[in-house]
Amino acid sequence: QVQLVESGGGSVQVGDSLRLSCAASGVTFSRYAMAWFRQAPGKEREFVAAIHQRSGSIIHADSVKGRFTISKNNAQNTVMLQMNNLKPEDTAVYYCAASGTIIQSQLRSHASYGYWGQGTRVTVSS
């Protein structure tokens with residue numbers, strides 16, 4: 001049974017940093033694509049960043065490029081999202097997602113991921 005558990009969310013001020021973690025169990029971590037998505041109130045779920053394990057590709061959404069960094073720890077089955085210079089528009093619930101069958105061109109699509117965590121809330125105040 002696949003389980004993804006996010007942690008690390010919270011309420012911060014503009015310009016602060018947060019580090020989100022996603023602990024995965026029940027997956028062959030080194031073979032899965034792992035991603036972060038976010039959903040703000042009243043908006044659709046939005047791609048943030050992804051790692052394609054097999055190809056090694058790492059991509060970030062343009063809106064977070066240069067501020068957010070996705071990384072992984074295969075030994076601990078954990079994927080992280082380091083978020084720096086946070087802005088009010090980063091306020092959202094952040095979700096970890098996993099897929100064992102995704103191809104690289106599908107990384108940005110939430111429909112490509114079959115496993116999701118419960119989400120962790122990030123609030124950025126000015």
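When a residue number appears, it is its place in the shown sequence, counting from 1.
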Self-check item: Residue pairs fulfilling salt bridge (charged side-chain N to carboxylate O under 4.0 Å, His left out) with at least one residue in residues 75-91, sequence neighbours excluded
Solution: Arg38-Asp90, Arg67-Asp90
Would you please name every residue forming a side-chain contact (heavy atoms from CB on, under 4.5 Å) with [X], sequence neighbours left out?
X      : value
Ser109 : Ala111, Ser112
Ala23  : none
Gln104 : Ser55, Ser57, Leu107

Self-check item: ring-ring contact (aromatic ring centres under 6.0 Å, His included) partners of Tyr113, counting only residues at least two apart
Solution: Phe37
Quiz item: Does any pair with a residue in residues 116-126 pass side-chain hydrogen bond (donor to acceptor under 3.5 Å, both in side chains), and if so which ones, sequence neighbours excluded?
Solution: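 Every side-chain hydrogen bond (donor to acceptor under 3.5 Å, both in side chains) pair that includes a residue of residues 116-126, provided the two are not neighbours, is Glu6-Gln118.
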Side-chain heavy atoms nearer than 4.5 Å, only ILVMFWY residues, links allowed to pass through others: does that put [X] and [Y] together?
X      : Y     : answer
Ile58  : Val48 : yes
Val122 : Val93 : no
Leu4   : Met80 : no
Ile102 : Trp36 : no

Quiz item: Applying disulfide (SG to SG under 2.5 Å), which residue pairs with at least one partner in residues 59-88 are found, sequence neighbours left out?
Solution: none
Quiz prompt | disulfide (SG to SG under 2.5 Å): pairs with one or both residues in residues 42-91, sequence neighbours excluded | solution = none
Quiz item: Under the ring pair (Phe, Tyr, Trp, His ring centres under 6.0 Å) rule, what pairs show up with a residue in residues 61-95, not counting sequence neighbours?
Solution: none
Please tabulate, one pair per line, all N/O donor-acceptor pairs under 3.5 Å involving side-chain atoms of residues 11-22, not counting sequence neighbours.
residue : atom : partner : partner atom : Å
Asp16   : OD2  : Gln13   : N            : 3.0
Ser17   : OG   : Asn84   : OD1          : 3.0
Arg19   : NH1  : Gln82   : OE1          : 3.2

Self-check item: Set of residues satisfying side-chain hydrogen bond (donor to acceptor under 3.5 Å, both in side chains) with respect to His60, sequence neighbours excluded
Solution: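 Residues passing side-chain hydrogen bond (donor to acceptor under 3.5 Å, both in side chains) with His60: none at all.
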Exercise. Output all residues satisfying side-chain hydrogen bond (donor to acceptor under 3.5 Å, both in side chains) with Asn74, sequence neighbours left out; order by chain, then residue number.
Key: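 Asn74 satisfies side-chain hydrogen bond (donor to acceptor under 3.5 Å, both in side chains) with no other residue.
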